[in-house]
Structure formats: C-alpha cells, structure tokens
Colleague: 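What follows is a structure written as structure tokens; I'll ask about it next.
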Amino acid sequence: MRFFEEKRREVMKHIEKYMLEKMHEFLKPIEQIWQPSDLLPDSTRDTFFSEIKELQESARGLSYDLVAVLIGDTITEEALPTYESWLSMVEGVDKDQHSGWMTWTRHWTAEENRHGDLLNKYLYLSGRVNMRAMEVSTQYLIADGFDIGTGTDPYRNFIYTSFQEMATNVSHRRVASQAKKDGDTLLSKMCGVIASDEARHAKAYKHFISKIFEVDANEAMLAFEDMMRKKIVMPAHFLREVGLKVGQTFGHFTDAAQRLGIYTAVDYVDILKELIEDWQLESRTELNEAGEKARDYIMALPNRLLRVAERMKNPMLEYKFSWIHG
Ligand SMILES: [Fe+2]
Ligand SMILES: [Fe+2]
C-alpha cells in the first residue's frame with residue numbers, strides 16, 4: 001500500500017511539469033475570458049427592465065423538461081465546493097498552496113465558478129423558477145457531497161474528471177441547441193460558451209491521463225477498468241428536493257435529460273469510445289497479464305453497453321419538480 005501511494009506521488013510530480021507547461025492552453029487568461037455579466041442584462045442601464053422583459057418572453061418558450069434539465073445542470077455546477085475540496089485531497093497534490101497541483105485546482109475552480117454564477121442569474125431572472133426550492137437543493141447537494149468511487153487515487157480521479165468534463169460539454173451543448181429551437185437565443189449562447197469551457201477542461205484531464213499512460217500504463221489501465229466497472233456516476237447523483245431523501249430527485253433529472261436527448265446512455269458510450277481512442281488503448285503493449293485483461297474488458301465494453309442502451313425504453317413518467325414555477 002505504501003509503495004502504491006509513493007509511486008502515485010512520484011508520477012504526479014512527474015506530470016506536474018507537463019501540466020504547468022500547458023496550463024495556459026487549458027485555462028484561459030482571466031483578462032480575456034468571458035464573464036457572466038457579458039451575457040446578462042446590465043442593471044446600471046436604463047434598458048434593464050425592458051431587457052428582463054425580453055429575457056422572460058423568450059424563457060416562456062422553453063419546454064418543461066428543458067427547464068428541469070437546466071436547473072439540474074445549474075445545481076451540479078453550483079456544487080463546486082465539493083469538487084474543489086475533493087481534488088485537493090488527491091494523492092500527489094502537494095498541500096502547499098503554491099504547489100503546481102494546488103495552483104491547477106484553484107485556477108480550474110475559478111473558471112468553473114462562472115458557470116453556476118451565470119446560469120443561476122439567468123434562472124433567477126427567467127420567471128420560470130421557484131428559486132427557493134432550487135436553492136434548497138443546491139445547499140443539500142453541497143452538504144450531502146458525492147461518492148464517485150475514485151478514493152484519493154489521482155489516476156481514478158483524472159479518469160473521472162476526463163469523463164465528466166466531456167459529459168458536461170455534451171449536455172451544455174445540447175441544452176444550447178434545444179434552447180435555440182425553443183426560441184431562447186440568449187440562453188443558447190450562454191450554454192454554448194459554458195460548453196466550450198468544458199471542452200477545454202476535458203482536453204486537460206485527458207492529457208494528464210495520457211501522460212500517466214506513458215509512465216505507468218499498467219496501473220492506468222487497471223484504474224480505467226475499475227472506474228468503468230463501477231460506472232461513472234454523475235456528480236449530482238445525491239440530488240434531492242426539500243422533503244425527499246438523498247438522491248431521490250436525481251433519477252427524475254436524468255429521465256428528463258434522456259427524454260430530450262440532452263444526455264443519454266448512448267452519449268455515455270460515445271464518451272467511452274473517445275477515451276479508448278485518445279488514450280490509444282488498442283496499441284498498448286507494455287502491459288502485464290492483469291493489464292491486458294483490463295484493456296480487453298474496456299475494449300469490449302462499448303458494444304456491450306450499446307446493446308443495453310438499445311433495449312432501454314425512453315422514460316415516460318411525468319414528474320413535477322418543486323423547482324419549476326406554475
Ligand atoms: Fe462547469
Ligand atoms: Fe467542467
């Protein structure tokens with residue numbers, strides 16, 4: 001066990017320099033990146049109230065399911081304290097606040113923080129949301145935390161974040177196009193810019209894992225297999241509403257996302273396929289027997305999951321969220 005942890009720390013130290021080299025590519029300079037107020041009505045202007053009126057008129061066209069998904073996405077973004085504290089506990093993250101990995105985590109968090117901020121303000125202005133009910137869910141989710149099955153292992157954590165950044169990219173991108181179809185171009189733009197942040201973050205975490213594969217392929221493969229056997233759970237899997245138990249709202253949120261095609265079982269498989277390709281699993285030869293078995297398991301997984309996805313019925317149950325007004 002000691003050896004295991006020491007090796008992890010050594011590898012994290014090794015890939016830290018590649019991370020620092022590319023940090024300015026993966027995260028944008030603060031002076032250049034968009035801020036929520038670039039996309040929201042400016043309350044110092046005389047036109048503020050007419051702009052809100054316009055915003056509310058467009059928001060009226062959004063379907064019930066889309067509003068539900070958007071609220072679930074927003075709450076997920078707003079639970080950022082959970083993710084930041086989690087990442088700082090990972091093995092190999094030197095707890096000195098000026099260390100490379102702590103710097104990465106802070107800068108990543110600083111970018112992510114804009115997502116919940118923007119969506120929350122939009123939802124507040126939209127006139128579609130019972131804000132108190134939503135805020136209760138957010139507070140619950142942060143208090144409840146999550147259980148993503150990574151432990152403090154950096155390999156499992158970066159596999160998880162690679163997957164998750166890709167998943168949020170897909171889901172924000174789809175909300176953007178659905179919002180456009182429903183006639184809300186402002187919301188579409190908001191989700192579009194968030195999605196492009198997520199794509200950059202996905203690139204970063206995928207790069208870290210690629211670097212890990214270069215020096216510790218066998219252990220990286222075993223970590224990947226383990227995460228896929230456990231299944232990648234979404235960070236909001238403990239989502240609940242007032243009066244409900246931990247996790248009881250989550251299924252209704254994912255049902256709405258599946259129904260609208262915002263994030264589906266097929267998307268899960270597509271992300272897995274992309275990771276298999278990016279990390280060049282097929283051509284990995286430097287493996288021992290366990291590593292080879294792990295690779296074979298992962299390589300066979302997309303087809304297995306697709307067969308399951310095909311048999312899945314679209315969830316039909318209508319559910320009334322406390323979050324949605326009226
Ligand atoms: Fe985000
Ligand atoms: Fe993200």
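Atoms within a ligand are numbered from 1 in the order they appear, just like the ligands themselves.
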Colleague: Could you walk me through whether Phe158 and Trp101 pass the ring pair (Phe, Tyr, Trp, His ring centres under 6.0 Å) check?
Modeller: CA-CA 12 Å; Phe158 289 164; Trp101 284 112; 5.3 Å; yes
Colleague: Consider side-chain contact (heavy atoms from CB on, under 4.5 Å). Of Ile194, Ile262, Val69, which one does Ser171 pass it with?
Modeller: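 It is Ile262; the other options fail the test.
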Colleague: Is Asp197 close enough that one of its N/O/S atoms sits under 2.8 Å from the Fe ion (ligand 2)?
Modeller: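 No, since none of the N, O or S atoms of Asp197 sits under 2.8 Å from the Fe ion (ligand 2).
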Colleague: Counting backbone and side chain alike, does His115 bring an N/O/S atom below 2.8 Å of the Fe ion (ligand 1)?
Modeller: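 For His115, the answer is yes, given that an N, O or S atom comes within less than 2.8 Å of the Fe ion (ligand 1).
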Colleague: If you take the centroid of each ring, where Trp contributes its six-membered ring, are Phe146 and Phe238 closer together than 6.0 Å?
Modeller: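 For Phe238 and Phe146, the ring centres are not under 6.0 Å apart.
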Colleague: State whether Glu25 and Lys22 are salt-bridged, where the test is any N-O pair (Lys NZ or Arg NE/NH1/NH2 against Asp/Glu carboxylate O) under 4.0 Å.
Modeller: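 A salt bridge links Glu25 with Lys22.
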Colleague: By atom name, which N, O or S atom of Glu165 is the nearest to the Fe ion (ligand 2)?
Modeller: OE1
Colleague: Quick one: angle Glu112 OE2 - the Fe ion (ligand 2) - Glu198 OE1, to the nearest 10°?
Modeller: 100°
